[in-house]
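Read through the structure below, which is laid out as structure tokens, and then see the notes.
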Amino acid sequence: MDVASPALPSVAAGLPRRRAVVRWAVHAAWVAGLAFATELRVGRFGFHPTDQGFILAQAWRVLLGEVPHAEIISARPLGSAILHVIDFALPGPLFFSSSVFAMVEIILATIAFAVLVMRRPVLTWGVGRTALVAATALINLNGFPLMAWHTVDGITLTACGAWALDAGLRSGKTLPRLGGLVLLGAAVFMKQSFVPAALIGLAWTLSYPGRRRRLVPDVLALGAFGLGYVAWVTAGGGFGEMVTQLTGGIPVYGERLLGLWLDDPAALMVPPVRELTFFAAIAVVLVLVRLTGDRLGVAGRVASWLLALGGAAAVVWTTVDGRFTGSSRWADVLWWILAMAVVVHASVRKRLPWAGLLVLATGFMTSLSWGNDTPTLLTGTLALTALLLVAGILPERALVRSRFARPWLTATAGVTVVALCGWMVVAHHDEAAYHDLSHDRLTADLGTVSPAMAGVRTNPATFAYVAQIRDCLNQHPAGRVAVLPDNPFAYPAFGLRNPFPLEWPLPAEIVGDAPERMLTTADRLNHEGDYLVIFETVSNETLANGGPVPASVPPGTPNVDYTGLENAIRAKLTGQPVVCGSFVGKWAS
């Protein structure tokens, strides 16, 4: 007994650490499990050849050693392409694994924002709180396709960077502080709209004591990713092209979000915007009631709780009325509801809820987009943050927690909310997958065409379209292959080397000297040979509607062309004309 007793203190000291490891393992397990289950039931159903392979195509080029901007034209920084090189190392089929990784990103961002708003460390969460955050992550996904995407990357790096920075500044630890700043700086290079993330990080760290001592390492950490990116591009001879490309895109200002009801004030009485009107009326009364303090007694406390429940109902009903569709503008409504919740909280508590402001700012950054100019990918977090800010001003919260926060009750409520949100997401995707048909019509597994796409199911027309690309590659082998204009997925799916500097030459993506470089590439291909360039004659809208996709077309069939560039390339190429199912093109062995 005497021999063993000296070891007891060390064993006792190790118990909290072991418990922490177990808790982290449990949280990692539910994150991975939810991501895998979401991909298995939702993400892999439906496929569209355009944006569902765009980032992976750019990452494939980076993996092949191509230099951003010098060899890859892009209107955005190619930070996402660099990040998603990871996808090619993940176990399992490329497109399936990449989608799981995208859902992991969404969940991590949801967790990070929840930690900042709740001010509760993850390891202190019970089943109820964890389930609530899981449900929030599902609402953040809503009807969006599970795929590698620069906006998802920007949100995740902003959220996780802020989480780490806050932890580092509060604890005085260097590693999380600097790591958080690195992530916030990297968010800028996912997409220009996340530039405010770096500015927020800089202002944040400078607001803490000891800023003079930390200034140099903090600024270096914030700019670490950017310095490395610019150095790489410069060494590859693409600095001038980078400046031209990144400043040559169509500017966006968030005017659609900021002017939600300005164009049509009558929208304030139409769902789901009417919920904003309802919430605004409640917010005004709630502030007045709470500012009276205890003068209203029991009546004031009861009124506060009833008003808060009304506000919560407005938030929930916005989600229901929104139907997970961008056209309803439900995400914009939730953003404005959060803005009002920030004002309510600040008015009563006499201090700004900085975490709520961060979520609001991230929502605005998310809305700065050409095609999806709304904070749709942050809807769950917008709703949860608004609810928490309103709950934070209610009286006698401790008494309510002691009566209703029973572990079995909160766990049951949390699991129920997860089930409801999961059902909503599944139902929406089953009704109509992203740019594809309903679940019962997604009968073809693309894994029989390319192992990289195993498990991904689509409609028979899209399946035939993708199979025609594979057959063409087999019939006309070449060292360099382009499938224009709407098929960036083909490069990573079939391991192709794209000779052109653009994967997806949409009008908005054509920046700088892109047209000249595309045509110059065609001249070079004529000189060097060993190429296959095919052009689609079936539009992506036709594929989304289930066809038809002809088994063969005449050689002179017009191809899809957005700006005249595809027709110019087709006319310039001197190779042998070929027809591959619905595709036409030129081939030189």
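The model shown is predicted, which means the values in this text are computed figures rather than measured ones.
- A donor-acceptor contact shorter than 3.5 Å links the side chain of R214 to the backbone of T205.
- W60 pairs in a ring pair (Phe, Tyr, Trp, His ring centres under 6.0 Å) with only one of the listed residues (F88, F54, F489), which is F88.
- Distance check, rounded to the nearest 0.5 Å: CG of N372 to CG of L377 gives 6.5 Å.
- L178 places none of its side-chain heavy atoms less than 4.5 Å from the side chain of L220.
- Separation of the F364 and Y253 ring centroids does not fall under the 6.0 Å cut-off.
- Here the options are E509, Q192, Q245, the test is side chain to side chain donor-acceptor pair (under 3.5 Å), and the partner is R76; only E509 passes.
- For the atom pair CG (L165) and CG (D218), the distance works out to 8.0 Å, reported to the nearest 0.5 Å.
- Listed for the N140 side chain is a donor-acceptor partner under 3.5 Å among the backbone atoms of T381.
- Not one N or O on the side chain of T151 forms a donor-acceptor pair closer than 3.5 Å with the backbone of T366.
- Contact between G326 and R256 at its shortest, heavy atoms only, is O-NH2, 4.2 Å.
- Ring pair H69/Y229 is perpendicular by interplanar angle, where above 60° counts as perpendicular and below 30° as parallel.
- The minimum heavy-atom distance linking I393 with R349 is given by the pair CA-NH2, 3.4 Å.
- The nearest pair of heavy atoms linking A35 to V104 is CB-CG2, 3.6 Å.
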Between L175 and K173, does a side chain to side chain contact (heavy atoms under 4.5 Å, CB included) hold up when you go through it step by step? CA-CA 6 Å; L175 186 59; K173 294 181 179 178; 5.9 Å; no
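- Under the 3.5 Å distance criterion, the side-chain polar atoms of R290 are left unmatched by any main-chain donor or acceptor of S347.
- Using a 4.5 Å heavy-atom cutoff, the side chains of W261 and T277 are not in contact.
- Between the OG1 atom of T244 and the CG atom of D513 there is a distance of 7.5 Å, given to the nearest 0.5 Å.
- Within the structure, the salt bridge (Lys or Arg N to Asp or Glu O under 4.0 Å) test picks out the following pairs touching residues 311-321 (sequence neighbours left out): R274-D321.
- Atom CD1 of I282 sits about 6.5 Å away from atom CG of L307, to the nearest 0.5 Å.
- A distance-only check finds no donor-acceptor pair linking the side chain of K191 to the backbone of V188 [under 3.5 Å].
- Under the 3.5 Å distance criterion, the side-chain polar atoms of T156 are matched with a main-chain donor or acceptor of E105.
- The backbone N or O of I55 lies less than 3.5 Å from no partner atom in the side chain of H84, so there is not a single donor-acceptor pair.
- Here the options are V115, V31, V122, I111, the test is side chain to side chain contact (heavy atoms under 4.5 Å, CB included), and the partner is V133; only I111 passes.
- The minimum heavy-atom distance linking I155 with L378 is given by the pair CG2-CD1, 3.8 Å.
- Counting heavy atoms from C-beta outward, L389 and L338 have side chains that approach closer than 4.5 Å.
- Counting only heavy atoms from C-beta outward, the side chains of V390 and L286 approach each other to under 4.5 Å.
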Evaluate the criterion side chain to side chain contact (heavy atoms under 4.5 Å, CB included) for residue pair T234 and M242; output intermediate values, then yes/no. CA-CA 9 Å; T234 302; M242 176 183 68; 5.6 Å; no
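- In this structure, F225 and F189 have tilted ring planes: the angle between them lies in the 30° to 60° band.
- Looking at I73 and E241, their side chains never come closer than 4.5 Å, going by heavy atoms from C-beta outward.
- Distance CG/N142 to CH2/W330: 4.5 Å, rounded to 0.5 Å.
- Between L246 and P77, the closest side-chain pair of non-hydrogen atoms falls below 4.5 Å.
- In this structure, the ring of W163 has its center no less than 6.0 angstrom from the ring center of F113.
- Going from atom CD1 of I337 over to atom CG of L360 covers 12.0 Å, rounded to the nearest 0.5 Å.
- Residues E39 and F36 are not in side-chain contact: their nearest non-hydrogen atoms beyond the backbone lie 4.5 Å or more apart.
- The two atoms that bring D51 and M147 nearest to each other are O-SD, 3.4 Å, heavy atoms only.
- Side chain of S367 to main chain of P375: no donor-acceptor pair is present (N/O by atom type, distance under 3.5 Å, no hydrogens or angles).
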Pair R61, L78 - check side chain to side chain contact (heavy atoms under 4.5 Å, CB included), show working. CA-CA 11 Å; R61 298 184 75 143; L78 284 160; over 6 Å; no
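- Residues R119 and D166 have side chains in contact (heavy-atom distance under 4.5 Å, counting atoms from C-beta outward).
- For an aromatic pair to be called close, the ring centres must be under 6.0 Å apart, and F324 with H429 fails this.
- Put simply, the side chain of W149 never gets that close to the backbone of S80: no donor and acceptor are under 3.5 Å apart.
- Between F95 and G53 the shortest heavy-atom distance is CE2-CA, 4.3 Å.
- W305 places no side-chain N or O within donor-acceptor distance of the main-chain N or O of L394, the cut-off being under 3.5 Å.
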With side chain to side chain contact (heavy atoms under 4.5 Å, CB included) as the test, would you mind laying out the steps for L138 and M103 before giving the verdict? CA-CA 9 Å; L138 289 171; M103 190 61 197; 4.2 Å; yes
